[in-house]
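Order of the sequence lines sets the chain letters (A, B, ...), proteins ahead of strands, with each chain counted from 1. Predicted model only: the values in this text are computed from it and were never measured.
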Amino acid sequence: MAAVIRFVHRSTFSCRMGHQCLSSSCSAAVPKSVQVGSSAWKALPERVKIVEVGPRDGLQNEKTVVPTEVKIHLIDMLSEAGLPVIEATSFVSPKWVPQMADQVEVMKGIRRRPGVAYPVLTPNLKGFQEAVKAGAAEVAIFGAASELFSKKNINCSVEESLQRFEEVTKAAKEAGVPVRGYVSCVLGCPYEGKVSPDKVAQVAKRLYSMGCYEISLGDTTGVGTPGGMTEMLEVVSREVPVTALAVHCHDTYGQALANILIALQMGVSVVDSSVAGLGGCPYAQGASGNVATEDVVYMLHGLGIQTGVDLTKVMDAGAFICRSLNRKTSSKVAQASCKL
Amino acid sequence: MGNVPATVKHCLSYEQLVQDFPWLAHWLQEEKEMVPTGVKIRLIDMLSETGLPVIEATSFVSSKWVPQMADHTEVLQGIQKHSHVRYPVLTPNMHGFKDAVAAGATEVAVFGSASETFSLKNINCSIDESMLRFQEIICSAKQQQIPVRGYVSCALGCPYEGHLEPTKVAEVVKRLYELGCYEVSLGDTIGVGTPGSMAKMLHTVMKEVPHSALAVHCHDTHGQALANILTALQMGICVVDSSVAGLGGCPYAHGASGNVSTEDVLYMLHGIGVRTGVDLSKVILAGDFICEALNRKTNSKVAQARGECW
């Protein structure tokens, strides 16, 4: 092996959370913020809900426009794989996101499996109304913890976006439609750089207070590490119950699974992921984006955590969509297919 | 035997398996390309400048089995040895050990296995037989005050035997430690481990060997390496093996990745607030250099992203 990294300065580390080192053999090599000791393994959730974002978040970032029937087949395969939530499409203007122009056909074409939710993205009231008309039974709204990102991404300030979302959540409440909230740039912004956990908590709290049943915290550019994740979750969970939080980690810097693991140790039990790791990082050419569902499921099952998901079937769905997109999977589990 | 930088050595050492597994020949074709000695030396020199405290330089295995290693002496004698860096070399037997010392090696490594089948297929002897070989080396090394690092492969699973009981892993680790290895690196050779199996294995091993004498050597074949490393850190492990640019694939799964990349590990460690003394940007440069020399893409996600997201 090329390199052996030793933690030379063992005595110098920041104590962020004051977690007890619960294992007697635990050294002081790592900050207490990530030192959870052996009892952390007992504290892990027994079950994790996986929110599959491949058909929407994943495909939205793929350059090739995918035929409607391929999207429908992908969603149907994912439904069969046992995924409890599959983000099906987005009711944004096709002018901005041509990939999602067939939103209505997709909603009407998929075979909805009982017990599976198929939320759709609705950026505003108009999108919400069209989504409901097309048969959507759950919607999602997408905010940001960064002002610059909000302006560049959805052309308005964070405050303006929250006001738009209030219209959506109000209408959704009247229609009995659950709303999921997303906060992007929770661990960093491509324009602003570092994002304060307090700002993340503020936006998450607003979304939760206006009626979102769950808030998915997105590391949009994948720059986060377990250190940043811990710090951010600690602050956010003071404002929003951890049972209402989800993590949406990008793997641009290879940190996603480690970040997800830390989130689980802190009580989060909902994880977003994308089959085959669909969806690159639009801010770094050639870099990866969404964490692959296959790799997440592999880790969760290895931890003894139930997901209800059949990994083999997810891999089949991944193989299918990669063939259709003529691209290689970004899932390492799929690449390996080691016979063990 | 070759003074091949460990990154290159590691991926090229799989050529040894070509003898046993001809079906891998096609996959290894890319890695079979002979890397010039000058390139190997330059890589190690670049890594020495990064602050890395230990750089596994080469392997004194027979060049009959691993022709890539033929220039080991030239490389070991050609590198600029920094006073704050150690350059261990792999020595599978006494013959290799003597050659290594003659070439100027000041630290060596021995490579055992927790799996009988893997031991037989990889180094052509049982675990017990390998321990006898290592005992010889360690005795001789002790007399010459040469530290010996031990490796245990298949710590989280074997390509032939499948799951291995943590007690079996602990037994082999303990033997190496008691023979005199100052440190034992636990290798997830085929990258099948998860934080769950890592925790169980470490929990058992740490009953036999102090955590301060343990290291983890995680492969990223199933994308689990960083999560596994994080788990190990949380359990008190302070030494992590990695490979610049994530060089070295998995010979058991065509097209799959192998070694975890140093860049990605460093990014995580620094993000957690752990000090490593290593300059990540210099490691990225070293990775760029060797990838260009090998004409292949880096496996490091950090190197691929290169901070363009900020």
Test your reading of the model: is there a side-chain donor-acceptor pair from Y267(B) to the backbone of V223(A), 3.5 Å cut-off? yes
For the pair Y298(A) (side chain) and V192(B) (backbone), establish whether a donor and an acceptor sit closer than 3.5 Å, ignoring hydrogens and angles.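 A pair under 3.5 Å: yes.
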Supply the atom-to-atom distance [X] [atom1] to [Y] [atom2], rounded to the nearest 0.5 angstrom.
X: T252(A); Y: R306(B); atom1: OG1; atom2: CZ; value: 14.5 Å
X: L230(B); Y: Q265(A); atom1: CG; atom2: CD; value: 6.5 Å
X: Q255(A); Y: I272(B); atom1: CD; atom2: CD1; value: 8.0 Å
X: T194(B); Y: I305(A); atom1: OG1; atom2: CD1; value: 9.5 Å

For D220(B), is it the side chain, the backbone, both, or neither that has a heavy atom closer than 4.5 Å to a heavy atom of chain A?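 Both the backbone and the side chain of D220(B) come within 4.5 Å of chain A.
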Min side-chain heavy-atom separation L261(A)-Q224(B) under 4.5 Å: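 No - every pair of side-chain heavy atoms lies 4.5 Å or more apart.
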Using non-hydrogen atoms and a 4.5 Å limit, figure out which bit of N259(A) sits close to chain B: side chain, backbone, both or neither.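 Neither part.
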Heavy atoms from other residues, nucleotides or ligands near NZ of K151(A) exceed 12 (cutoff 6.0 Å):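 More than 12 heavy atoms, drawn from other residues, nucleotides or ligands, come within 6.0 Å of this atom.
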Give me the atom names and distance for the closest heavy-atom approach of A227(B) to M299(A).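 So the two residues come closest at CB-SD, 3.8 Å.
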Could you go through H222(B) and L257(A), starting from their C-alpha distance and side-chain angles, then the distance that decides it, and tell me whether this counts as side chain to side chain contact (heavy atoms under 4.5 Å, CB included)? CA-CA 11 Å; H222(B) 289 77; L257(A) 287 193; over 6 Å; no
